[in-house]
Each structure stands twice: as structure tokens, then as C-alpha cells.
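The structure appears below as C-alpha cells.
Just so you know, residue 1 is the first one in the sequence shown, and it goes up from there.
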Amino acid sequence: MNNFDEIPAHLTGLNPQQLDAIRCHEKIVFVNAGPGTGKTTLLVSKLIDHLITSHSPQKIVALSYTNTAARQIGERFYRQLGQSFIPFDFFNGTIHSYCFRMMKSYYERTGRPFGYTILDDEELAELSKEVQEQSGDLSQYKRQLKLISVEDILNLYLELLEKDMLYRDYMKEQATFMAIDEAQDLSAANYEILDRMLALIPDLKLFLVGDPRQNIFEFNGGSYRNLDSFLSKHRHQVRNLTITYRCGQKIADYVNTFQFTDCENHPLQSHSKEEGILTVRQASDEQSEAREVIDSIKQMGRLEDCAVLSNNLKYLETLIRELKHEQIPYKVFGGRKLVKRHIRFLNHILRILDNENPYSISKIAQYAGLDIMQEGKKRKSLFFTTELGQLILSVRDDCASLGFTDLMNCVLERIMRDPEDDETISQDYDALLLLSMQYQTISDYLMAFASDKETFAMFYRKDYEDCDIAPDGDYLTVSTIHSAKGLEWDTVFVMGLCEGNFPNSYFCKDKPESEQQEFFNNEWKKMYVAATRARKQLVLSYPSSITRKGYTFKKQPSRFIPISHGYHTQQ
């Protein structure tokens, strides 16, 4: 079936497992791709292969879990494809951005205003509190003002498919091939949409790539069970990628010992010439653990080759204080964050420019201290009589024909920037202007801002201590495991590996045995993700005691600490 003797130019350099997956032409293919096995290379090669071997114009849709991953796939696709005379349309982004784009383009095509405004999690929580205080109905209020959350987009898309026959006809023409990245993290609604697409487009092909062992976003509704349920309803083929180009063999051997209750752990085989190093360290307490990690980092040369990971940022507070004391540049990723006030103000202005949404008008008026509550007059009309409202209208009129980056620059220069702004605010505007080049419209940008916290991390207020040194060049990454997913470093330190911290059985205390089993299975998956971020060296550390509120507690090593021989152990 698969002939590897004659490999076309666009597939050279792939290993036999990757070639086998690409040359599998079943209508639905799922590739179980382990960490570092060349998932992005596989996806891009499959997209190009499908395009080159097709005999009709193609509409290719490549969907990723994050905007960052989508951009990587899109950039590599166009770079590897080069100049092409094959007619095709190509969309790459998240499934939420795809559904939003399809609905908006359909409304525009039929001459109707779409007009929905996307709220991020913080705004949704704030709105819910305000409506509750007024004894109102949140759902009704959102419908009235055309406000939706990121997750509401999927429900709105499904509702439109159900009720609008013309929209179904429109969607029949929007895809011939769909590639789905991180398939293990998709929600039930994501797979319901794929089911509907398959029903609408009988010839549609799906190429899904993921790794059940890296399913760590169940709190967002993503679960391997959703993928499993979807595949069980459709004829499909499965392929496995187990050759890792990332991890040294000792690191691979460590994670190969993991056992999961809901999926098979296909053993990884390292392609690297590096054997890899796995070190286990015991420290007397958190302070000693942090000091030992920092001493090791200082001997390693480039900081950008290292990362320190933990199950939560709170555990890393001691490390962060020590980094500040040592004047070591670092960046922190993950944790609970709130959008900076000036960025929130800017986003509301962009929403007003986009569709004059009344929610953003009321928020801008509130922020700016404007009175738009006169009896007998509409808030919107009163707002546009104010100096700020007039300024927004002038920007809209003057910049209507500009691209999004030029529009953003116009808003920043004419509305947002102030000579009295401190340096950090000015730096935020400069950074946001640079990011704006990745988006074509206001809607694209606002969608990304609401759904991709990591890309816009610098625009959130942080619940940890900032680095005193501007980490513009070489810096150490300090991150939660969730925020580190998809990334890799030569050396990775995983801290706080003691029972009661990672894993912390408190979160499944008094739960039924089945729920406890599921909790610890998910914790093993987090550890799997953490360990497989390392290319050359993985350092696992734990304290023998932890002090909380003046009380010191003895701690046992985490169940994730390997007890077999062959690893470096330091005390």
C-alpha cells in the first residue's frame, strides 16, 4: 500500500512512520504523535501532499489549539510550499476563530450586520457579577447586547447550522480537507462541529494529530474521551509516531515507565545522539531547593536554554525572590492574570470602532467618567456627542480604508498615548502594535486576545514579582506546566515534587474511588508533559519539608520520583 522506494521531493527527510501516516488515505486518519516526534512537520507535509496530489481546487482548513501553534503551521506551510500554481484557499487558526470567521463572512455576504462582541473570561465574570447584583438574567442580557464568550461561539455556530438552511449550503463550499492539531484537547462541542461538517460535506477528509498522554486541559472541557467517542462513530485509521527528535533516551526511558488508565503509553525511542541525563535531587526545604536550582542554572551558560517548571506558580515564589536577589533575568508564564487597565480601555475603543457595541460604550464612559445617562436619550447617541466619542468617530472616518496595523497605530497616536504615560505603558503600546501585524481585522485581533493569554501575557497584571532587569535578551523561563506545553529546552528543572504539592491529593479528598483514580491519572499526564519538555537534561527536585503559616510539615517524595537505578541522585 505504501511505497517508500519512490519519495517525492516534498516528502524527503521524513521517517518511515511519518511517511506511513501521510500516505494513509482513509477519509479520517488519527495520528498518535508522541512528544518531539515531528507533529508540526507531519501536519505541514500532509497539507502540502494533499494539495499536490489533488486534482481539483482545494479549500484547506488547518485548526490548532492555540494561535501560536496555528501561526507556526501557517508560516511553515507557505515557506515549504513556495510558489504554487495550484488553486487553493487556506485557513489556519483555532476552531473558535474559524467558526467566528465563517459566521461573520456569511452575514456580510447576505448583507446583514453580525455585530457580536467577544468577552474574555475576566469581562464575563465582571458582567455576571453586575447582572447578578441587579437580579437580572445574564443570558438575556448577553443576547440583548450581542455579547458572547469564546465558548459561546461554538454554540452560536451550531445553532446557525441547525436553523439556517442557507448557512448550511454556504458551509458546504468552505472545506475539502481539514487538519486538526492537538486533537486530544478538543471539547465535545468541537467534535460535534466536526460531525456536522462531515454530514454536510460527504467528501471531506479529516487528518487529526494528537497525543492522549498530553491531554492536560480537561478543566477547559478538552478530553481524550471526546476524541475517542468521535473516532468510535466513524471509520478511521490510526498511526503512531514514537521516534522522538527531542528527548535523550534516558528521559524517554523515564516517561516510558508511566502507566495511564485511559490510554496506551507507546514507548518513545530517541533519535538524538544525546543519551540524556536524568537527575533526582532532595533538598531539606523549599529555600534550599531554590538555591540548588539557581546554582545549577548559573553554571549552564545561556539562560534561554533552561526552564523551571512547577505545577503552580505559588510554589515558585521562593525561586522568583531568589532570582530577583541574584539579578538573574527571567520571564514568568502562567498563573491568574487580569488585563491592564489601559489595554482594556484600548480594546473597548476597538470594539466601538468595529461595531459600536453598547457594552463597550458604557464601559468606556465608565472608565472616562462620562455622564451618558440623561433621560429620554440613548446612551450611544449621548456618547458620540462627547469629546471622546467625537474623537473615536473621526478616527473611524479617517482610517476606514487602512489595514489593521495602521488603524491600531492611528488609535494609539490619536487616542491612547499621553506624554505623561510612564515607560511601561508606552512599551505596552509598542509591543501591541508589533503584535497587530499578525491580524487582518479588529475582529481577528479581539478574538485572539480573548482566547490566547500566552501570546498577550505581557498585557496582563501579574500575581508574581516582576523581574527588575528588562529580560529583552537572554532570560530564564519560569512557568507552570500548562503554559510550557508545546515548548522545549535543553535543560528542564521540575520543582516541588513532593506528595501534597505535586500531586496534591487534597483536590480529590473524600471523592469516590473512580474520581480519585481519574485525578491521579491526569496528574501523571501533567508530569509526562513536564518531563518531555527536556531535550538533554531533566532535573527533578523535592523538599523534605515545607513551611506554611509558621508550621513545618515533613514531606514524602512524589510518586513521580523514579526509584529505579541508573539515575543521578543528589542530596
Side-chain angles (χ1 to χ4, degrees), residues 67-68 71 93 97 100 104 115-123 126 147 150 331 337-370 372 380 383-462 466 470-472:
N67 291 287
T68 301
R71 281 193 294 274
S97 63
F100 191 83
K104 188 173 182 182
Y116 283 94
T117 291
I118 303 169
L119 301 184
D120 59 36
D121 294 341
E122 180 190 344
E123 290 175 307
E126 182 181 304
L147 304 174
V150 173
K331 283 187 180 180
K337 305 165 187 172
L338 300 176
V339 177
K340 295 177 181 178
R341 186 179 177 85
H342 57 283
I343 300 298
R344 176 69 72 212
F345 191 94
L346 170 63
N347 286 349
H348 279 306
I349 287 176
L350 290 171
R351 287 170 174 167
I352 295 171
L353 287 169
D354 192 39
N355 58 33
E356 296 187 2
N357 186 271
Y359 171 74
S360 285
I361 287 175
S362 65
K363 283 297 179 183
I364 284 288
Q366 178 184 332
Y367 291 167
L370 303 176
I372 55 172
K380 184 188 294 188
F383 174 76
F384 284 121
T385 65
T386 67
E387 183 179 354
L388 177 58
Q390 289 287 305
L391 182 56
I392 292 174
L393 287 177
S394 70
V395 168
R396 185 181 64 183
D397 294 341
D398 295 344
C399 305
S401 61
L402 300 179
F404 177 61
T405 299
D406 290 329
L407 172 63
M408 176 72 89
N409 188 48
C410 188
V411 171
L412 291 174
E413 294 299 327
R414 293 174 57 175
I415 300 177
M416 297 302 301
R417 292 191 190 271
D418 188 307
E420 297 183 5
D421 285 341
D422 64 40
E423 187 178 353
T424 58
I425 291 178
S426 181
Q427 288 173 350
D428 282 345
Y429 292 152
D430 291 342
L432 201 58
L433 187 62
L434 191 62
L435 270 176
S436 71
M437 296 178 185
Q438 301 175 8
Y439 307 101
Q440 295 181 346
T441 67
I442 293 176
S443 293
D444 289 342
Y445 158 78
L446 291 172
M447 161 67 73
F449 197 99
S451 60
D452 189 356
K453 281 191 175 182
E454 292 310 318
T455 296
F456 296 91
M458 71 174 294
F459 309 115
Y460 286 75
R461 290 178 281 161
K462 306 172 183 70
D466 269 326
D472 297 326

Handout entry: Closest contact, heavy atoms only, N67 versus A448
Key = ND2-CA, 3.9 Å

Problem - With F345 via ring pair (Phe, Tyr, Trp, His ring centres under 6.0 Å) - residues at least two apart - result: none

Problem - Under 3.5 Å: donor-acceptor pair, side chain of R461, backbone of R341 - result: no

Problem - From CA spacing to verdict: side chain to side chain contact (heavy atoms under 4.5 Å, CB included), L350, M408 - result: CA-CA 8 Å; L350 290 171; M408 176 72 89; 4.0 Å; yes

Exercise for the section: Look at the rings of F456 and F449 and say which category their plane angle falls in: under 30° parallel, 30 to 60° tilted, over 60° perpendicular. Expected result: tilted

Handout entry: side chain to side chain contact (heavy atoms under 4.5 Å, CB included) assessment of L119 paired with R351
Key = CA-CA 11 Å; L119 301 184; R351 287 170 174 167; 4.1 Å; yes

Practice task
Might you work through the side chain to side chain contact (heavy atoms under 4.5 Å, CB included) test for L346 and F459, ending with a clear yes or no?
Solution key: CA-CA 11 Å; L346 170 63; F459 309 115; over 6 Å; no

Exercise for the section: Considering only NZ, NE, NH1 and NH2 on the basic side and carboxylate oxygens on the acidic side, decide whether E122 and R344 come within less than 4.0 Å. Expected result: yes

Exercise for the section: To the nearest 0.5 Å, tell me how far M416 CE sits from Y429 OH. Expected result: 3.0 Å

Problem - Gap between atom OG1 of T405 and atom CD of Q440 - 0.5 Å precision - result: 10.0 Å

Practice task
Would you check if the side chain of K104 reaches a backbone N or O of Y116 as a donor-acceptor pair within less than 3.5 Å?
Solution key: no

Problem - Result of checking N355, V411, L353, N347 against I442 for side chain to side chain contact (heavy atoms under 4.5 Å, CB included) - result: L353

Exercise for the section: Write down the atom of F100, the atom of S443, and the distance for their closest heavy-atom approach. Expected result: CE2-CB, 3.8 Å

Practice task
Mind checking the CD1-CG spacing from I425 to D418? Nearest 0.5 Å is all I need.
Solution key: 8.5 Å

Fill in the blank from the handout: Rounded to the nearest 0.5 Å, the CE atom of M447 sits from the CD1 atom of I118 at a distance of 3.5 Å

Practice task
With the side chain counted from C-beta on, respond yes when R71 and T455 share a heavy-atom pair under 4.5 Å apart, and no when they do not.
Solution key: yes

Exercise for the section: Compare all side-chain heavy atoms of I415 with those of L388 and state whether any distance is below 4.5 angstrom. Expected result: yes

Fill in the blank from the handout: In this structure, CG of D354 is separated from OH of Y445 (nearest 0.5 Å) by 12.0 Å

Handout entry: From CG (N357) to NE2 (H348), nearest 0.5 Å
Key = 9.5 Å

Exercise for the section: Show your reasoning for whether side chain to side chain contact (heavy atoms under 4.5 Å, CB included) applies to F383 and I364. Expected result: CA-CA 9 Å; F383 174 76; I364 284 288; 3.7 Å; yes

Exercise for the section: Any pair with a residue in residues 383-395 that passes side-chain hydrogen bond (donor to acceptor under 3.5 Å, both in side chains), sequence neighbours left out, goes on the list, sorted by first then second residue, please. Expected result: S394-R414

